[in-house]
Structures are given as structure tokens and as C-alpha cells.
Amino acid sequence: MRGLRLGVLGSGQGSNFVALAKAIERDRIPAEIVWVGSDRAEAKILEHAKKLNLPRVVCRKSNFRTKLEPEIEEELALALEKARVDLLVLAGYMRVVKDPLLRKFEGRMINIHPSLLPAFPGLRAWEQARMAGVKEAGCTVHWVNSQVDGGEILRQETVPVLAGDSAESLHGRIQEAEHRCLPQVVRGLAEGKIPWSEDPRK
Ligand code: GAR
């Protein structure tokens, strides 16, 4: 089977994008990042993508804070289709995906979330975990569906919450787990070891 063509969409620092790009090289994952996009022109993920000479797309400015207008999502979907992206990876994308992007990529879109879902969906999940006093936190990679952070879980990794953790120290520990977990899922999908509802390469 041919390698998986990946699109990565992110709003922020891009550490998951960097970890994924490195893992693909280092661990010979049969996948290739062919497209990087952001809803924020100043997002660091775009700088990282530039260093790797990858095509970058910034979507038009939105009037919403938590989602995109359908027309803007349509433009993103067209760009992804033009790049023949098989799997769209949400790596720190901070808006809710709606139609038409969801309709076009459901079953071919995964997200990384910084909690052990179904616990603590939504924003600043590590802070929610810390405030709740749980002893274990972690990350989840899941399929994206219309429920926010609610799609089928593909992989989770647990990390301890330590006495004296700040929001930043806990998020840092969770991110180390994310940087392992996301490439592992991409490998599983690329090698057909994690089942797809419909593998786009077939
Ligand atoms: C990650 O911790 C990711 O799980 C989280 O944003 C961070 C992005 O970091 N995503 C969400 O909270 C989505 N609801 P990165 O830009 O360095 O990869």
C-alpha cells in the first residue's frame, strides 16, 4: 500500500507537528506530511513548516472565535483535496470543526487532546485535571466527529499528576506523552493496523 498523505492543521506552537515530522523520518513511518494549515497567520506551526519547506495555508480571517464560517472551511477542504490529503491531523487546532470540513473528512480526521477523554473535554484540559485533583492525567488521540472531543478513542497515554505541579509543568508532561502517542496512531493507520471505516488509499 502507498504511504499516507497527511495534512496537519494547528493554531499554536506546533510541537506535535514537529514531533510527528521527526518520528516519520526517524521511525520510517510510511507517511508524508504534504500540507500544513492554520487559522492564525502568526502560529508557530507555520514557521516550523516553513523550515521543512512544506506547503502552508492560512485561512481567511474569521468573524468567529470558536469555529470557522462554512465558506472558509470549504476553502480549507478544497485546499486539502487539491493536495490529495488522505488523513487530516488536528494538532492543537483550537476551533470546532463543522460542516463542510467535517462532512468531507469524517473518518479521515484525527485529533490530539490533552486529557484522558471522556474526562475534561474542551479548553485547557490539563488545568481542568489539576483543579479537579485527579492523580492521573494524559492525552488522547481520537477520530473527529460532530461531538467536541467525543469521537472514537484510538490511543491514550497516562502521566502522573505530581504534588506541586503547575499548569505548565503538567501540560509539559502531557505534551511529552502527546509527542509519542500521535506518531504511534499515525503509524497504526498508515500500516493498516488501526482500522479505518474506509481506507482512502484503497
Ligand atoms: C496540545 O497540548 C494539544 O493537545 C492541545 O493544544 C496543544 C497544542 O500544542 N489541543 C487542544 O487543547 C485541542 N482541544 P502544539 O501546538 O505544541 O502541538
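Note that ligands are numbered from 1 as they come in the structure, with each ligand's atoms numbered from 1 the same way. Along the sequence shown, the residues carry numbers beginning at 1.
- Within the 3.5 Å criterion, the main-chain N or O of Ala167 finds no donor-acceptor partner in the side chain of Arg124.
- Under the 4.5 Å side-chain heavy-atom criterion for Ile, Leu, Val, Met, Phe, Trp and Tyr, Ile45 and Leu52 are members of the same hydrophobic cluster.
- Paired with Lys104 under the rule side-chain contact (heavy atoms from CB on, under 4.5 Å), one option of Glu74, Glu73, Met109 passes, and it is Glu74.
- Relative orientation of the His142 and His113 rings is perpendicular, given thresholds of 30° and 60° on the angle between their planes.
- Salt-bridge check for Glu198 with Lys202: failed, with every basic side-chain N at 4.0 Å or more from each acidic carboxylate O.
- Near ligand 1, Gly12, Gln13, Gly14, Ser15, Asn16, Gly92, Met94, Ile112, His113, Pro114, His171, Gln175, Glu178 each place a heavy atom less than 4.0 angstrom from the ligand.
- When all heavy atoms are compared, the tightest approach of Arg201 to Ala190 is NH1-O, 3.0 Å.
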